[in-house]
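Quick note: numbers below take in every heavy atom, side chains included, and nothing from hydrogens, waters or symmetry partners. All chains are named by letter (A, B, ...) in the order of the sequence lines, taking the proteins before the strands, and each is independently numbered beginning at 1.
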Amino acid sequence: MRKLSRCVLILLLTCIIAAVGGYFYEKENISPVYTATVKLYVVPGEENEASIRASNGGLNNDFMIIFTSNIVISDAQKTLATTEDIAKYLTVSSPDNSNIIEITCENPDKGTARAYVDAVAKTAVKTTSIIPVKSIQILPADADSDEMIRPHLYENVAKITGVAGIACVILEMFILLIVSAFKKPADHSDDEWEYEKHYGKYANAQTPVLTENKEPLTKKQKAEKKKEAAFFKGVEITNPFADVEDDEKQEDTDEKAETAKTVNSQVQTVEKTVEEKQTTNVKTEPENQQNKEEGDFLAEYEKEYGVPNIQEQEESDNTYGTVVEPDEELMRKVQEDIYKEAYRDVAASLEQEQDFEEEDVLASNEEQNTVTDAVEQEPETGAGSVKIAQEVVEKEETEDSQNTTTEAESAVEEVVSDTVQNELSGMQSQEEQQDTVDTQEQEKVSQDVVEEVQNLDKQTEQLAAEQKQKQAAYEQAVSNYQAEDTTDKKIVILGTIQR
Amino acid sequence: MYSINIDKLVDMTSKEKKSFVKIANTLVDTLSDCLVWPDRQEQRPDEKCSIAVIGDAIDTFKLAAVFSQKGKRVLFVDGNIESAYFLGKYKLGKELEGFVECVMSKLNKEALKKQICITNRGKLDVLFSGSIDRGATTVHGVFAAGEDYIYTMFSELLESYDMIICHSDDAGKAAAYCDATVCIVKESEYVEAEVLKHQAQLEENDCNVLGVILDKED
């Protein structure tokens, strides 16, 4: 297609150049011809109308024939005193729908053309005896109406253009044939052409497009889809061929996941301890009451710390096999959860203690009454004093239990804060240790490299020195050899070629 | 048997022709002394000899043409098989057999004649180099294969010709089988020490170096 368009363009260009060039060439070479025209007005008469009228509304060919016939021409020759065949210069015509006859004479000489046409016109007027018309009159001619023309100019230009076009086409065909015959076959061994030759086109190969299945999914399918989504969560394939980078990333994520697991396990232990405390301290109460109290404390907690993002945590709990990154947000969430749990426990224990106090007060009052009664009843036996002592001991125990609950609260808070701080500090210390190990390794490697470079420098210096010695020895040997040669042998010049 | 037109190749100015004729005369005079080699113990009858020329290929061919104009029947052998200059010059292609095929096939006298190309100058014929690519061999391989045969070949050819002018490579592999060796050196590149060195190398390769022809350029 490209070759064809080139050929067409070349052809067009050639034709245009040939046309322009041919025009100017012919204009220069064709000698000009002058045309002189005379118009005759014919009055046909009513009776002759049908016989002289042509189908186009003009006058018929009788005039043309007679005006160029020997009858008119011989008279004109006599008038002009010439023997030249005037008829060959004449053209007689009649315009459509008119009674006009135009006699035109073409001649290289302007005056001759005018003289010829005037002579013919004068003679033609006298032919009314031959042609059945009423009269013929010569219309006055304008001398400036004579025109200069170059006959066959455009015809010749067209011929030149055509010849040039044909020659161009033949030449193009010839060149194309030569090129195609002797052109070396293109070497496609290292491009896709060779591949496509054997295996078909791959550039247009349609890649399969994954479309969504619009049918409603069943619960099982949804669950599987969720599992898949959870499995691939956190896994991002950026460059499938960068294995090394992927491995490094995988190692980092594994480390992070391990740290997260340790944090989770520690948090679970803390939760367990809190639950144990709850079981030891809290007595069984109706569930509704407990929920209500939890709601109150949650409201208070939310007032203090804001609404925790529990939904995300729940979602993450539902997933399995995911890579959990122990980032700051997660640590904050864990800390919030721990505080929340601890706050709940502490609040619950405080409430319980208040209840216990009230019950104890009531019980102590009752016991005090019983003791006083017993003392009053048995003042002498000493049994009442034993009871009083027992009660005192019990009171002390209740006070101790109160103290233990407050201590437990503070202990829980300390444990939580300690674990979180330990984890954070542990992570930081691990990173610092890794950094120190890396820097030490790098220092070691750099020291090794420096030593190797120094050794190589030494070796290169030694080699350069050896090479210099060899070069010097070689040069010495060559110079000796040349000296020996030049002393022993001579060159015989057999002659000189002169140009 | 095929023929070539060598008019264009041997076209010389009168000055050039005179210098070549002079060189040819000098060579004939010098050769008369060295036709009997002490090593080979062999004498050429009727002053028949083979001369190897190391240097410009066209000048070598012109020298052969001058010898033929002097009335000797001359065979020009293109022994520089690595460059295959004349095959390329006449665009004869790698299919044309020549010196390589003669040596590798160890052709007899009759078969050798079929490999020779005649020219429009009656007394000068040409044995082209042939192609080492076509024979799937190397320059060293050809001369190793023809170590003994090339002497025989030149002897048999000298029965039909008065003189063999062999264009040899710079190392003088083909020149070693000729009676004498001549080097053509451009005057502008002429360095005595280097020429002597080259001469020594050629002599090490069993070439009998007669001397040097200086090519004086305009």
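We find the CZ-OG1 distance between B:Phe20 and A:Thr496 to be 11.0 Å, quoted to the nearest 0.5 Å. Taking NZ of B:Lys22 as the reference point, atom CD of A:Gln498 lies at 7.5 Å (rounded to 0.5 Å).
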TODO: Please lay out, stage by stage, how A:Ile491 and B:Leu196 fare under the test side-chain contact (heavy atoms from CB on, under 4.5 Å).
DONE: CA-CA 7 Å; A:Ile491 300 167; B:Leu196 278 170; 3.6 Å; yes

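Contacts between B:Leu63 and chain A at a heavy-atom distance below 4.5 Å are absent for every atom of the residue. Neither the backbone nor the side chain of B:Lys17 has a heavy atom closer than 4.5 Å to any heavy atom of chain A.
Residues B:Thr30 and A:Leu494 meet the side-chain proximity criterion, which asks for heavy atoms closer than 4.5 Å.
Residue A:Ile497 is tested with B:Ile213, B:Leu214, B:Asp56 for a side-chain contact (heavy atoms from CB on, under 4.5 Å); the sole match is B:Ile213.
A:Glu26 CD: more than 12 foreign heavy atoms inside a 6.0 Å radius.
Taking both residues in full, the closest heavy atoms of A:Gly495 and B:Ile23 are given as CA-CG1, 3.9 Å, listed atom of the first, atom of the second, then distance.
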